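Contents: one structure, followed by commentary.
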Amino acid sequence: MFRLLPFCAIFPVLSRVSSLRVMPHDKKIKFAELGGDLSLECNYALEGDELYSIKWYRDDNEFYRFTPSGEPQIRIFPLEGLEVDDKSSKTHLLVKNVSRETSGLFRCEVSGGPPSFKTDVLDTNVTIVDLPKSSPIISGVQSRYRLGE
């Protein structure tokens, strides 16, 4: 006669559930003023996993990497229009003196450790705006008009 074994006795590896997820935010689109600073956040929940790395990309080009077990832990790769501030942390990135080249699709990628290396991403579309320095001036018109003019 056959006897049924408990599921966890057959597959003991599955008894420890872990996951990783990047916490979404309500700003899928961000604007920054030309010459100003851009602040980007990447909050995550390991939920039982171990952090392997946090990487930042602009238009699929990696420019920032945090690896807790790496030496050095933080690596910054030069990319036109991106000046990463020293005050940046693994979850908060500060880009100084933004230019038109800074605009693009920014992606935060968080990866868990071995053996699964689970990964989650968060995308933010960044647009740099060049606001006028003064109020608009309307010229070529009279200050008053009479009926019929």
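These numbers were taken from a predicted model, which means no experiment stands behind them. Residues: numbered from 1 along the sequence shown.
Ion pair D59/R107 not flagged as a salt bridge, since none of the NZ, NE, NH1 or NH2 atoms sits closer than 4.0 Å to an Asp/Glu carboxylate oxygen.
One finds the CH2 atom of W56 at 7.0 Å from the CG atom of L122 (value rounded to the nearest 0.5 Å). To the nearest 0.5 angstrom, L82 atom CG is 14.0 Å from K96 atom NZ. With values rounded to the nearest 0.5 angstrom, S89 atom OG is found 8.0 Å from I74 atom CD1. The distance from atom NZ of K55 to atom OG of S111, rounded to the nearest 0.5 Å, is 6.0 Å. Rounding to the nearest 0.5 angstrom, the gap separating the CG atom in N43 from the OG1 atom in T91 is 5.5 Å. Annotation: the span from E109 atom CD to D123 atom CG amounts to 10.5 Å, rounded to 0.5 Å.
Residue pairs meeting the side chain to side chain donor-acceptor pair (under 3.5 Å) criterion with at least one partner in residues 63-83, sequence neighbours excluded, are E62-R65. The list of ring pair (Phe, Tyr, Trp, His ring centres under 6.0 Å) pairs with a residue in residues 66-115, not counting sequence neighbours, reads F63-F106.
Of all the heavy atoms in S99 and L34, the pair that sits closest is CA-CD1, 3.6 Å. For the residue pair A32 and V98, the shortest heavy atom distance occurs at CB-CG2, 4.3 Å.
No side-chain heavy atom of K28 sits under 4.5 Å from any side-chain heavy atom of N125. A heavy-atom distance below 4.5 Å is found between the side chains of K133 and D130. L79 places a side-chain heavy atom less than 4.5 Å from the side chain of R58. With a 4.5 Å cut-off on side-chain heavy atoms, V110 and C42 count as touching. Side-chain contact check for L38 versus L40: some heavy-atom pair is nearer than 4.5 Å.
Under the 4.5 Å side-chain contact rule for hydrophobic residues, I29 and V129 share a cluster. Under the 4.5 Å side-chain heavy-atom criterion for Ile, Leu, Val, Met, Phe, Trp and Tyr, Y57 and V95 are members of distinct hydrophobic clusters. The cluster map of Ile, Leu, Val, Met, Phe, Trp and Tyr, joined by side-chain heavy atoms under 4.5 Å apart, puts I54 and Y52 in different clusters.
Proximity of a side-chain donor or acceptor of S88 to a complementary backbone N or O of L94 within less than 3.5 Å is detected. A donor-acceptor pair under 3.5 Å links the side-chain atoms of K30 to the main chain of S39, judged by distance alone. The closest donor-acceptor contact from the side chain of T119 to the backbone of F117 lies under 3.5 Å.
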